Number of protein chains: 2
Amino acid sequence: MLKATKESKGPDDGRRGDIVRAAARLFRDKGYDGASMRAIANAVGMQCGSPFYHFASKQDILVAVVEEGLRQGLEKTRAVISPSLIAREQFLALVKVHLSIILEEGNDFIPVMLYNWRCLDDMHQRRLIATKDEYDAIWQDAINALAKDGLIQSEPKFARLMILGSMNFMVTWYKQRPGDSLETLADKVVQFCLCS
Amino acid sequence: MLKATKESKGPDDGRRGDIVRAAARLFRDKGYDGASMRAIANAVGMQCGSPFYHFASKQDILVAVVEEGLRQGLEKTRAVISPSLIAREQFLALVKVHLSIILEEGNDFIPVMLYNWRCLDDMHQRRLIATKDEYDAIWQDAINALAKDGLIQSEPKFARLMILGSMNFMVTWYKQRPGDSLETLADKVVQFCLCS
DNA sequence: CCTACCGATCGGTAGG
DNA sequence: CCTACCGATCGGTAGG
């Protein structure tokens, strides 16, 4: 009786969630245009027309991927926010969680958003940008605190763009190696960004 | 008699060059898969089959775009290298030229390379990566000099990835405003990256 | 969710 | 470099 019934609206439940995850993987690997509906369908063992039982269009699948990414990202990010942390430790925690969001295997949603944003209709962009702004606001607060402690010297708004940009671009070059962890990487990011 | 004759091999001469420039613009705006051969042809006033008189395939146009980007990029970058500059000034000069390469209007080649690299065949990737490495080596030298002067505290190789990554990601968010110049932006980048 | 199919568009080609 | 066309593949749909 504790299990979700058919009324469950969990975004990754059932076949719909399978499609979203498979699409995210394929969009990340081949791009939105490069991943065909047939490839997405086959990746979850369906025939080529069947995803359209769950989604009205390919565009709607992309929207679902980005929404799921923002939802998970905001959830994980809010979970490491703690007023008791000093600025540097709060920043390190944010860097760690962001690196896991964009680099950890299976976390394809945010990379898809970052590199396929322009494939979204204007309407969907406008709607989703509000959630993106929430994400940015969390970072801005943490970076403002760094500035107050003298740990960065740039304008905090510019620093946010540089910091998130340098991490987001890691998607294009980071290859997971057995030796090093994302924790080590996070330490290096903090060391690079802060002057102390 | 000083003008180039039909023997000229200048990469941007004539209709071939027109195609490469138009394709770069479209690849940047819509992505490699999103820009059709018909759109490229029409952008230079050709019919849909005519670009194939100049290029064997769409892939070959992408290769030409990336090659032209690397050629121009290396040329402009080498032009600002000067052993007489102190580390910080050399770094500023490199940042300035890199920002112009990726953000100035009409400079679509390197952005296409950065965001459509995976659309290149493995063979072409392998061949072009050698030139990319030359590019990186110039930056690495300049950043090693910064480290020697104590202006950065990270490992120089990691610093290079962070610095170029933060700039390369600007392609996704920078909008040219009438007020501010790339020079101002370059100053801010240097201020953020160096601890002094 | 499958079967069978649609019109549109794709990259590319032959012949001139 | 244009004309006219090719086979393949695309996103999407009707009917069950």
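Note on naming: letters A, B, ... go to the chains in the order of the sequence lines (proteins, then strands), and numbering restarts at 1 for each one. Owing to the predicted nature of the structure, the values given are computational and were not obtained by experimental measurement. These numbers come from the heavy atoms of this one structure, side chains and all, not from hydrogens, waters or symmetry mates.
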Nearest-nucleotide pick for [X], side chain only, options being [options]:
X      : options                  : answer
R38(B) : dC5(D), dC1(C), dC1(D)   : dC5(D)
Y53(A) : dC1(D), dG11(C), dC1(C)  : dC1(C)
C48(A) : dC10(D), dG12(C), dA4(C) : dA4(C)

| For F55(A) and V20(A), which heavy atoms make the closest approach, and how far apart are they? |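 So the two residues come closest at CZ-CG2, 3.6 Å.
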| request: Mind listing the closest non-hydrogen atom pair of A159(A) and I143(A) along with its distance? | output: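 Minimum heavy-atom contact is CB-CG2, 4.0 Å.
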| V80(A) backbone acceptor or donor facing Q90(A) side chain under 3.5 Å |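 Yes, Q90(A) side chain to V80(A) backbone: donor-acceptor pair under 3.5 Å.
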What is the separation between atom [atom1] on [X] and atom [atom2] on [N], rounded to the nearest whole Å?
X      : N       : atom1 : atom2 : result
F52(B) : dC6(D)  : CZ    : P     : 17 Å
K30(A) : dG11(D) : NZ    : P     : 12 Å
H54(B) : dC2(D)  : NE2   : P     : 9 Å
I61(A) : dC10(D) : CD1   : P     : 14 Å
I19(A) : dC1(C)  : CD1   : P     : 7 Å
Q47(B) : dG11(C) : CD    : C1'   : 16 Å
I40(B) : dG11(C) : CD1   : C1'   : 11 Å
M37(A) : dC10(C) : CE    : P     : 19 Å

| With both distances kept under 3.5 Å, what pairs with dC6(D), Watson-Crick or G-U wobble? |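 Pair assignment: dC6(D) / dG11(C).
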Which part of the nucleic acid, if any, lies within contact of [X], taking any heavy atom under 4.0 Å across all strands shown: a base, the sugar-phosphate backbone alone, or nothing?
X      : value
G45(A) : sugar-phosphate
A41(A) : nothing
A39(A) : nothing
R15(A) : sugar-phosphate

| Is D149(A) salt-bridged to R88(A), cutoff N-O under 4.0 Å? |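 A salt bridge is absent here (no side-chain N lies under 4.0 Å from a carboxylate O).
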| Pick from N116(B), L114(B), L120(B), I110(B): which one makes a side-chain contact (heavy atoms from CB on, under 4.5 Å) with V66(B)? |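 Looking at N116(B), L114(B), L120(B), I110(B), the match for V66(B) under the side-chain contact (heavy atoms from CB on, under 4.5 Å) is L120(B).
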| Residue closer to the 5' end of DNA chain D, S36(A) versus S50(A) (nearest nucleotide) |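 Taking each residue's closest nucleotide, the earlier one in sequence belongs to S36(A).
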